[in-house]
Chemist: 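Please see the structure below; I have some questions.
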2 protein chains.
Amino acid sequence: MKLNTKSRYAVMALADMSKFPLNNPVSLRDISLRQSISLLYLEQIFFRLKKNDIVKSVRGTNGGYVLKRDPKNIKLSEIFKALDQRVKTVGCKKESKKGCNGKSAKCITHELWDELEIYINNFFENKKLSDLLSTEERIN
Amino acid sequence: MKLNTKSRYAVMALADMSKFPLNNPVSLRDISLRQSISLLYLEQIFFRLKKNDIVKSVRGTNGGYVLKRDPKNIKLSEIFKALDQRVKTVGCKKESKKGCNGKSAKCITHELWDELEIYINNFFENKKLSDLLSTEERIN
DNA sequence: AAATACTTGACTATTTTAGTCGGGTATATA
DNA sequence: TATATACCCGACTAAAATAGTCAAGTATTT
Ligand code: FES
Ligand code: FES
């Protein structure tokens with residue numbers, strides 16, 4: 001099980017942003033420099049974040065991205081979802097009645113993996129962007 | 001985050017085995033047929049399981065593999081470890097003081113991913129092979 | 001002797017990941 | 001109004017990981 005860079009960078013970038021005053025646009029260039037993430041990659045990531053109502057953009061000079069909501073109200077699960085990054089533990093299609101090998105029934109371990117998936121999703125569901133900030137930053 | 005087939009098949013195969021009397025060798029051919037997993041792939045998986053003291057082998061006709069311990073005492077974490085399949089959520093090297101981009105310090109999200117890794121490993125640590133068997137099978 | 005079943009390293013096709021590229025458009029400021 | 005800044009967005013690609021397969025065995029039972 002591995003977490004991919006897209007999700008990791010997305011959370012990293014958003015955490016970086018949330019250190020600044022809410023209405024102050026933060027440019028991807030700055031995030032790129034501070035967090036050492038490729039600017040072009042960030043653009044791809046933020047395109048998705050914007051489409052999914054997590055950030056909004058301000059174009060032109062001194063523009064950048066702004067969090068659309070308070071970090072307290074942004075769950076990690078939303079960020080993952082925005083990037084199409086879901087937890088996948090089973091080999092079968094959820095909707096289908098068939099098992100992971102196309103056979104008739106769900107396999108003997110299906111329930112276990114389902115449980116694991118719910119367990120992991122639970123982590124993301126209960127974590128908010130604000131949880132990443134240290135006490136001093138949170139006061140700001 | 002995705003679970004790979006190696007781990008999934010390993011648990012599936014071991015769960016299949018644990019339905020049979022403990023001292024009765026179960027051949028990979030049978031598991032392959034019952035669970036629709038490639039025999040050659042299973043061989044690769046069981047090679048590792050054997051090396052890691054989870055199963056032992058019985059060669060020759062009517063041979064097969066036998067669980068080395070009671071399913072009650074086989075943790076999923078051991079199975080994963082046997083297959084070199086570890087949970088990896090961070091971008092940096094654990095030992096190193098450096099961050100995930102080779103920069104000086106650990107990044108702002110490092111603690112979060114560490115927490116996630118511990119959280120997931122915890123699931124595997126607390127699950128045993130016996131937990132996969134239904135009540136009737138457990139009596140057996 | 002023959003069949004069964006494990007042994008073990010190497011190899012390969014496919015898929016996924018981690019980005020890059022290119023050619024835009026909108027806005028602020030000098 | 002020219003220019004620089006910064007977002008916009010689809011398409012592309014190299015590299016790594018995954019999911020197996022292949023080959024050439026060895027040990028044991030019947
Ligand atoms: S994981 Fe769903 S049937 Fe195997
Ligand atoms: S995840 Fe460890 S430094 Fe970024």
Side-chain angles (χ1 to χ4, degrees), chain A residues 1-13 17 24-33 35-52 54-68 80 82-89 91 100-102, chain B residues 1-10 12-13 17 24-52 54-68 80 82-89 91 100-102:
Chain A
M1 304 215 75
K2 226 175 73 185
L3 186 70
N4 58 17
T5 56
K6 232 171 205 163
S7 322
R8 207 171 47 234
Y9 290 171
V11 176
M12 238 167 125
M17 277 181 68
N24 181 46
V26 180
S27 75
L28 295 187
R29 203 180 126 273
D30 286 354
I31 298 177
S32 166
L33 290 171
Q35 306 298 335
S36 299
I37 302 170
S38 146
L39 173 60
L40 291 156
Y41 204 19
L42 276 176
E43 285 186 343
Q44 203 187 104
I45 291 167
F46 272 75
F47 176 58
R48 297 265 171 184
L49 291 176
K50 190 196 164 184
K51 260 197 174 170
N52 284 272
I54 292 169
V55 295
K56 60 185 175 196
S57 65
V58 180
R59 298 181 86 156
T61 312
N62 297 324
Y65 285 95
V66 174
L67 288 176
K68 220 168 170 186
F80 274 65
L83 295 165
D84 261 331
Q85 237 68 55
R86 53 200 70 201
V87 178
K88 199 163 169 5
T89 57
C100 45
N101 33 44
Chain B
M1 304 216 75
K2 227 175 73 185
L3 186 70
N4 57 18
T5 55
K6 232 170 206 164
S7 321
R8 207 170 47 234
Y9 290 171
M12 238 168 122
M17 277 181 69
N24 181 46
V26 181
S27 75
L28 294 189
R29 202 180 127 273
D30 287 353
I31 298 177
S32 166
L33 289 172
R34 275 196 297 268
Q35 307 297 335
S36 299
I37 302 170
S38 146
L39 174 60
L40 292 155
Y41 204 19
L42 276 177
E43 286 185 342
Q44 203 186 102
I45 291 167
F46 272 75
F47 176 58
R48 298 264 170 183
L49 291 176
K50 190 196 166 186
K51 261 197 174 169
N52 284 272
I54 293 169
V55 296
K56 61 184 175 196
S57 64
V58 180
R59 297 181 86 158
T61 312
N62 296 324
Y65 285 96
V66 174
L67 287 177
K68 220 169 171 186
F80 274 66
L83 294 164
D84 261 332
Q85 237 66 56
R86 53 200 71 202
V87 178
K88 200 164 167 5
T89 58
C100 45
N101 34 43

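Letters go in sequence order (proteins before strands), and every chain restarts at 1. Hydrogens, waters and symmetry mates are skipped; everything else that's a heavy atom, side chains included, is used.
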Chemist: In residues 28-38 of chain B, which residues come under 4.0 Å of DNA chain C by heavy atom?
Modeler: B:Leu28, B:Arg29
Chemist: Measuring to OP1 and OP2 of D:dT18, would you say a side-chain N or O of B:Lys6 lies under 4.0 angstrom away?
Modeler: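 Negative; the distance criterion is not met.
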Chemist: Starting at atom CZ of A:Arg48, determine the distance to atom P of D:dG10, rounded to an integer number of angstrom.
Modeler: 8 Å
Chemist: Please round to the nearest 0.5 Å and tell me the distance separating atom CD of B:Gln35 and atom CE of B:Met17.
Modeler: 12.0 Å
Chemist: Let me confirm one number: the CG-NZ distance from A:Leu83 to A:Lys51, rounded to the nearest 0.5 Å.
Modeler: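 Nearest 0.5 Å value for the CG-NZ distance: 12.0 Å.
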Chemist: Mind running side chain to side chain contact (heavy atoms under 4.5 Å, CB included) on B:Tyr9 and B:Ile31 for me, showing each step along the way?
Modeler: CA-CA 10 Å; B:Tyr9 290 171; B:Ile31 298 177; over 6 Å; no
Chemist: Please identify each residue that fulfils side chain to side chain contact (heavy atoms under 4.5 Å, CB included) with A:Leu33, with sequence neighbours left out.
Modeler: A:Arg29
Chemist: Kindly point out which of D:dA19, C:dG19, D:dC8 is positioned nearest to the side chain of A:Tyr41?
Modeler: C:dG19
Chemist: For A:Ile37, is there any backbone N or O sitting under 3.5 Å from a side-chain donor or acceptor partner on A:Ser32?
Modeler: yes
Chemist: In a check of side-chain contact (heavy atoms from CB on, under 4.5 Å) between B:Gln44 and each of B:Phe46, B:Tyr41, B:Phe47, which one passes?
Modeler: B:Tyr41
Chemist: Excluding sequence neighbours, so at least two apart, what forms salt bridge (charged side-chain N to carboxylate O under 4.0 Å, His left out) with B:Arg34?
Modeler: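 Only B:Asp16 meet the salt bridge (charged side-chain N to carboxylate O under 4.0 Å, His left out) criterion with B:Arg34.
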Chemist: Is there a side-chain polar atom (N or O) of B:Ser57 under 4.0 Å from OP1 or OP2 of C:dT7?
Modeler: yes
Chemist: Nearest of D:dA19, D:dC7, C:dT17 to any side-chain atom of A:Asn4?
Modeler: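 For A:Asn4, the side-chain atoms sit closest to C:dT17.
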Chemist: Quick one: A:Leu83 CG to C:dT17 C1', roughly how many Å, whole number?
Modeler: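 Value for this atom pair: 13 Å.
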Chemist: Whole Å only: how far is the CG atom of A:Leu39 from the C1' atom of D:dT5?
Modeler: 12 Å
Chemist: Could you check how far CZ of B:Arg86 sits from P of D:dT18, rounded to whole Å?
Modeler: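 Whole-Å distance recorded here is 13 Å.
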Chemist: Does the protein touch nucleotides 12-17 of chain D at the base, only the backbone, or not at all? Give it as B, S and - per nucleotide, heavy atoms under 4.0 Å.
Modeler: -----S
Chemist: For every nucleotide of nucleotides 23-30 of chain D, 5' to 3': is a protein heavy atom under 4.0 Å from its base (B), only from its sugar-phosphate (S), or from neither (-)?
Modeler: --BBBBBS
Chemist: Please state how far atom NZ in B:Lys56 lies from atom P in C:dA5, giving the value in whole angstrom units.
Modeler: 19 Å
Chemist: What pairs meet the salt bridge (charged side-chain N to carboxylate O under 4.0 Å, His left out) rule with one or both residues in residues 56-67 of chain A, with sequence neighbours excluded?
Modeler: none
Chemist: Can you list everything that forms a side chain to side chain contact (heavy atoms under 4.5 Å, CB included) with B:Thr61? Sequence neighbours excluded, please.
Modeler: none
Chemist: Does B:Lys88 have any side chain to side chain donor-acceptor pair (under 3.5 Å) partners at least two apart in sequence or in another chain, and if so, which?
Modeler: none
Chemist: Taking side chain to side chain donor-acceptor pair (under 3.5 Å) as the test, write out the residues that go with B:Glu43, two or more places apart.
Modeler: none
Chemist: Taking the axis from the first five pairs and the axis from the last five, what angle separates them in the helix from C:dA1-D:dT30 to C:dA30-D:dT1, rounded to 10 degrees?
Modeler: 10°
Chemist: Apply side chain to side chain donor-acceptor pair (under 3.5 Å) to B:Asn4 and list each qualifying residue two or more places apart in sequence or on a separate chain.
Modeler: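 Scan of B:Asn4 (side chain to side chain donor-acceptor pair (under 3.5 Å), adjacent residues dropped) gives B:Ser7.
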Chemist: Between B:Tyr9 and D:dG20, is there a contact of a side-chain N or O with OP1 or OP2 at under 4.0 Å?
Modeler: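 Yes, such a contact exists.
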Chemist: In sequence, state the C-alpha distance, the side-chain angles, and the governing distance for B:Lys68 and B:Ile54, and then conclude on side chain to side chain contact (heavy atoms under 4.5 Å, CB included).
Modeler: CA-CA 5 Å; B:Lys68 220 169 171 186; B:Ile54 293 169; over 6 Å; no
Chemist: Check whether any side-chain nitrogen or oxygen of B:Tyr65 sits under 4.0 Å from OP1 or OP2 of C:dT7, and answer yes or no.
Modeler: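 Result: yes.
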Chemist: Quick one: on DNA chain D, does A:Met1 or A:Phe46 contact a more 5' nucleotide (nearest heavy atom)?
Modeler: A:Phe46
Chemist: Of all residues at least two apart in sequence or in a different chain, which pass the salt bridge (charged side-chain N to carboxylate O under 4.0 Å, His left out) check with B:Arg48?
Modeler: B:Asp84
Chemist: In this structure, how many angstroms lie between the C1' atom of C:dA5 and the CZ atom of B:Phe47, rounded?
Modeler: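 Rounding to the nearest Å, CZ of B:Phe47 and C1' of C:dA5 are 16 Å apart.
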Chemist: Please report, rounded to the nearest Å, how far the C1' atom of D:dC9 is from the NZ atom of A:Lys51.
Modeler: 8 Å
